[in-house]
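Worksheet for the structure shown next.
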Amino acid sequence: MYSKILVPVDLHSTETSDKALATAKEIAKRDGASLTVVSVQIPIPADTMHAMPNLQPRLDEYLEGHQQDHPVEGLLKHRGSIAAAIQDAAEETSADLVVMGTHDPSLGDYLFGSNAASVALHTPCSVLVVR
């Protein structure tokens, strides 16, 4: 049913992402789909004194630990909005399914909306949200 699955991963807190990736792997194995993990690096404004860390080694390490039962590709996006970066990645990879984890909503999520809600509303492919 699905041929290209995208899984957004928060490299700073992988617990919910791991659940989503496990679900995506089951679907990918069942359908013979390819699997791409995307992580978003939010750029730090140039006028701050902080250097932007390079998340590529962290993404590579994460992928290395998840290759054993299904091949997984990686993609690092640089964008100010996490939801917009996930939408870009879905279009770039021609994903027909996004499988993403979510957390218990906070007050800010009720006021501004969560990334999962934004992706589900604005991404043209199917979105599965895993708790």
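We number each residue from 1, following the sequence as shown. Owing to the predicted nature of the structure, the values given are computational and were not obtained by experimental measurement.
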Beyond-backbone contact of [X] with [Y], side-chain heavy atoms, under 4.5 angstrom:
X	Y	result
Met100	Val119	yes
Pro8	Val40	no
Lys4	Thr93	no

For the CD atom on Glu15, are there more than 12 heavy atoms of other groups (residues, nucleotides or ligands in this structure) within a distance under 6.0 Å?
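Count not over threshold, so no.
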
Does Gln56, at its CD atom, have more than 12 non-hydrogen atoms belonging to other residues, nucleotides or ligands within less than 6.0 Å?
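Above 12, so yes.
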
Hydrophobic cluster membership, Val99 vs Met1, 4.5 Å side-chain cutoff:
yes

Looking only at non-hydrogen atoms, find the nearest pair between [X] and [Y] and report the distance.
X	Y	result
Ala33	Ile5	CB-CD1, 3.9 Å
Leu55	Leu11	O-CD1, 4.0 Å
Ala24	Val7	CB-CG2, 3.4 Å
Glu92	Leu75	OE2-CD1, 3.7 Å
Val9	Thr14	CG1-CG2, 4.4 Å
Ala95	Cys125	O-CB, 3.4 Å

Any donor-acceptor pair under 3.5 Å from [X] side chain to [Y] backbone:
X	Y	result
Ser94	Ala90	no
Gln67	Val72	yes
Asp31	Tyr2	yes

Going by the rule salt bridge (charged side-chain N to carboxylate O under 4.0 Å, His left out), which residues pair with Lys25 if we only count those two or more places apart in sequence or in a different chain?
Asp69

If we ignore angles and hydrogens, is there a donor and acceptor under 3.5 Å between the side chains of Ser17 and Asp10?
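Not at all, the side chains of Ser17 and Asp10 share no donor-acceptor pair under 3.5 Å.
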
Distance check, rounded to the nearest 0.5 Å: [X] atom [atom1] versus [Y] atom [atom2]?
X	Y	atom1	atom2	answer
Thr102	Arg131	OG1	CZ	5.5 Å
His78	Asp88	NE2	CG	12.5 Å
Ile42	Ser81	CD1	OG	8.0 Å
Leu59	Leu76	CG	CG	6.0 Å
Ile27	Leu35	CD1	CG	9.5 Å
Lys77	Ser39	NZ	OG	12.0 Å

List in chain and number order the residues that pass ring pair (Phe, Tyr, Trp, His ring centres under 6.0 Å) with Tyr62, two or more places apart in sequence or in another chain; answer none if no residue qualifies.
His66

Positive for side-chain contact (heavy atoms from CB on, under 4.5 Å) with Leu6, one of Leu97, Thr36, Val127
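Considering Leu97, Thr36, Val127, a side-chain contact (heavy atoms from CB on, under 4.5 Å) with Leu6 is found only for Thr36.
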
